[in-house]
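Here the structure comes first, spelled out in structure tokens, and everything after it is commentary.
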There are 2 protein chains.
Amino acid sequence: MPDDIDRIIQKSYEACASAGVKLTDKRKNVLMVLLGSSTPLSAYEIVERYKTQFSETLPVMSIYRMLDFLIQEKLVHKLETASQYMSCAHIACEHQHETPQFLICDRCGSVKEIAIKKHIMTELERSIQSTGFTLAHQQLELHGVCKHCQDDSVSAN
Amino acid sequence: MPDDIDRIIQKSYEACASAGVKLTDKRKNVLMVLLGSSTPLSAYEIVERYKTQFSETLPVMSIYRMLDFLIQEKLVHKLETASQYMSCAHIACEHQHETPQFLICDRCGSVKEIAIKKHIMTELERSIQSTGFTLAHQQLELHGVCKHCQDDSVSAN
DNA sequence: TATTATTGCGTTATGTTATATCATATCTTA
DNA sequence: TAAGATATGATATAACATAACGCAATAATA
Ligand SMILES: [Zn+2]
Ligand SMILES: [Zn+2]
Ligand SMILES: [Zn+2]
Ligand SMILES: [Zn+2]
């Protein structure tokens with residue numbers, strides 16, 4: 001869990017306010033659930049954690065709607081290759097949110113959100129443009145094994 | 001549908017033979033269904049098309065197993081971001097199958113499989129390595145709008 | 001060829017992810 | 001407070017995927 005969680009929530013309120021939308025209590029709670037998880041969660045897992053953390057059982061339909069909202073406001077990302085959701089790692093950053101690149105550990109499920117190097121993205125786009133294709137919601141999801149899990153398997157030998 | 005479909009099937013037989021596995025009639029038929037589609041298909045859509053093309057209703061469970069086989073033999077790719085399956089565009093090519101990059105048109109659903117430029121992939125890997133992460137099944141899925149659909153929306157104005 | 005092992009696939013059940021639709025509650029604002 | 005908009009609840013169903021069991025065809029091998 002990020003230790004500056006209060007600050008992240010504060011920033012989230014501000015972002016929603018300036019977008020003219022409302023971060024309701026439940027939406028905020030869903031975001032808190034995601035902020036409190038070291039791995040991305042499925043909508044159904046969010047239901048479970050919400051129940052544990054807030055003693056209230058929400059229908060999964062509502063969770064999906066709140067996720068839609070949070071994704072719209074760029075507070076949450078959906079990992080399409082995993083059907084899971086995670087809070088954006090850059091909510092409290094000042095810089096612009098750039099093309100995110102998710103490194104997904106297939107062993108432990110942890111995900112690291114980093115910004116893709118601009119010149120790599122540019123090159124990628126250029127090589128794609130020659131096919132006439134125009135990129136949309138740029139987001140790269142790369143699967144592999146994280147540092148931690150690699151170390152574990154070494155020490156297990 | 002690729003016009004050299006016979007050649008692709010022939011190549012598929014050869015690839016399976018040299019891998020010591022068998023391309024059964026049904027597996028071949030599933031591959032034919034995918035070769036005959038201009039867009040990737042879900043497992044359930046394959047059931048439908050198989051029925052139409054071969055007058056036989058297979059259980060979806062069997063389709064999934066055949067897809068597993070075809071993916072294993074690299075004759076078919078799964079698009080994780082779309083939960084759909086498509087035949088590899090390079091079955092009949094002589095060159096080695098490199099890291100594929102799928103350009104998925106969000107308007108018409110068509111997908112183009114191109115090989116990612118080697119130096120871009122190298123750069124991407126290098127920038128990732130600094131995080132300690134090791135890439136696994138490298139496959140990029142990029143969403144956007146294809147040339148054809150862009151032209152359509154222009155002429156519709 | 002008879003015996004045994006392996007593979008391919010059918011069948012049924014169940015799990016997981018996501019959307020559609022309509023009802024109700026809450027919040028805004030005149 | 002009444003009217004309208006937004007947020008959420010409730011129920012049903014669709015779409016995607018896997019588990020577990022068993023049988024029949026094929027392959028290996030004695
Ligand atoms: Zn982000
Ligand atoms: Zn890991
Ligand atoms: Zn391919
Ligand atoms: Zn298109």
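Heavy-atom basis, side chains included; hydrogens, waters and symmetry copies ignored. Lettering follows sequence order; numbering is per chain, from 1.
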Just the rounded figure in Å: distance from [atom2] of [N] to [atom1] of [X].
X       : N      : atom1 : atom2 : answer
B/Phe69 : C/dT6  : CZ    : C1'   : 15 Å
B/Leu41 : D/dA15 : CG    : C1'   : 15 Å
B/Asp25 : D/dT26 : CG    : C1'   : 14 Å
B/Ile46 : D/dA15 : CD1   : C1'   : 14 Å
A/Arg27 : D/dG9  : CZ    : C1'   : 14 Å

With sequence neighbours excluded, residues passing salt bridge (Lys or Arg N to Asp or Glu O under 4.0 Å) with [X]:
X        : value
B/Lys147 : B/Asp151
A/Lys28  : none
A/Glu80  : A/Lys78
B/Lys74  : none

Please table the atom pairs, donor to acceptor, closer than 3.5 Å between any side-chain atom in residues 52-63 of chain B and protein atoms at least two apart or in another chain.
{"residue": "B/Thr52", "atom": "OG1", "partner": "B/Glu48", "partner atom": "O", "Å": "3.1"}
{"residue": "B/Glu56", "atom": "OE2", "partner": "B/Lys26", "partner atom": "NZ", "Å": "3.3"}

Output side-chain donor-acceptor pairs under 3.5 Å for residues 8-15 of chain A, partner residues at least two apart or in another chain, one line each.
{"residue": "A/Gln10", "atom": "NE2", "partner": "A/Glu14", "partner atom": "OE2", "Å": "3.2"}
{"residue": "A/Lys11", "atom": "NZ", "partner": "A/Glu94", "partner atom": "OE2", "Å": "3.0"}
{"residue": "A/Ser12", "atom": "OG", "partner": "A/Ile8", "partner atom": "O", "Å": "2.8"}

Report task. Would you please name every residue forming a side-chain hydrogen bond (donor to acceptor under 3.5 Å, both in side chains) with A/His119, sequence neighbours left out? Result ->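 So A/His119 forms a side-chain hydrogen bond (donor to acceptor under 3.5 Å, both in side chains) with B/Glu123.
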(message) Going by side-chain hydrogen bond (donor to acceptor under 3.5 Å, both in side chains), name the residues that satisfy it together with A/Asp106, two or more places apart in sequence or in a different chain.
(response)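 Result, side-chain hydrogen bond (donor to acceptor under 3.5 Å, both in side chains) vs A/Asp106: A/His143, B/His137.
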Reading nucleotides 10-23 of chain C from 5' to 3' and marking B where a protein heavy atom lies under 4.0 Å of the base, S where only the sugar-phosphate is that close, and - otherwise, the string is BB-----BBBB---
Report task. Kindly calculate the angle separating the two end axes of the helix from C/dT1-D/dA30 to C/dA30-D/dT1, each obtained from five base pairs, and round it to 10 degrees. Result ->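 Computed from the C1' atoms at both ends, the axes differ by 30°.
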Between A/Glu45 and A/Ser42, is there a donor-acceptor pair closer than 3.5 Å when you use the side chain of the first and the backbone of the second?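 Yes; judged by distance alone, with no hydrogens or angles, the pair exists.
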Query raised in the report: Sequence neighbours excluded, which residues qualify as ring-ring contact (aromatic ring centres under 6.0 Å, His included) partners of B/Phe102?
Result: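 In terms of ring-ring contact (aromatic ring centres under 6.0 Å, His included), with neighbours along the sequence ignored, B/Phe102 is linked to B/His77.
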Atom pairs, protein N/O to nucleotides 25-29 of chain C N/O, distance under 3.5 Å:
{"residue": "C/dC27", "atom": "O3'", "partner": "A/Lys22", "partner atom": "NZ", "Å": "3.0"}
{"residue": "C/dT28", "atom": "OP1", "partner": "A/Lys22", "partner atom": "NZ", "Å": "3.0"}

Would you say the side-chain atoms of A/Glu141 and A/Thr81 include a donor-acceptor pair closer than 3.5 Å?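 A donor-acceptor contact under 3.5 Å links the two side chains.
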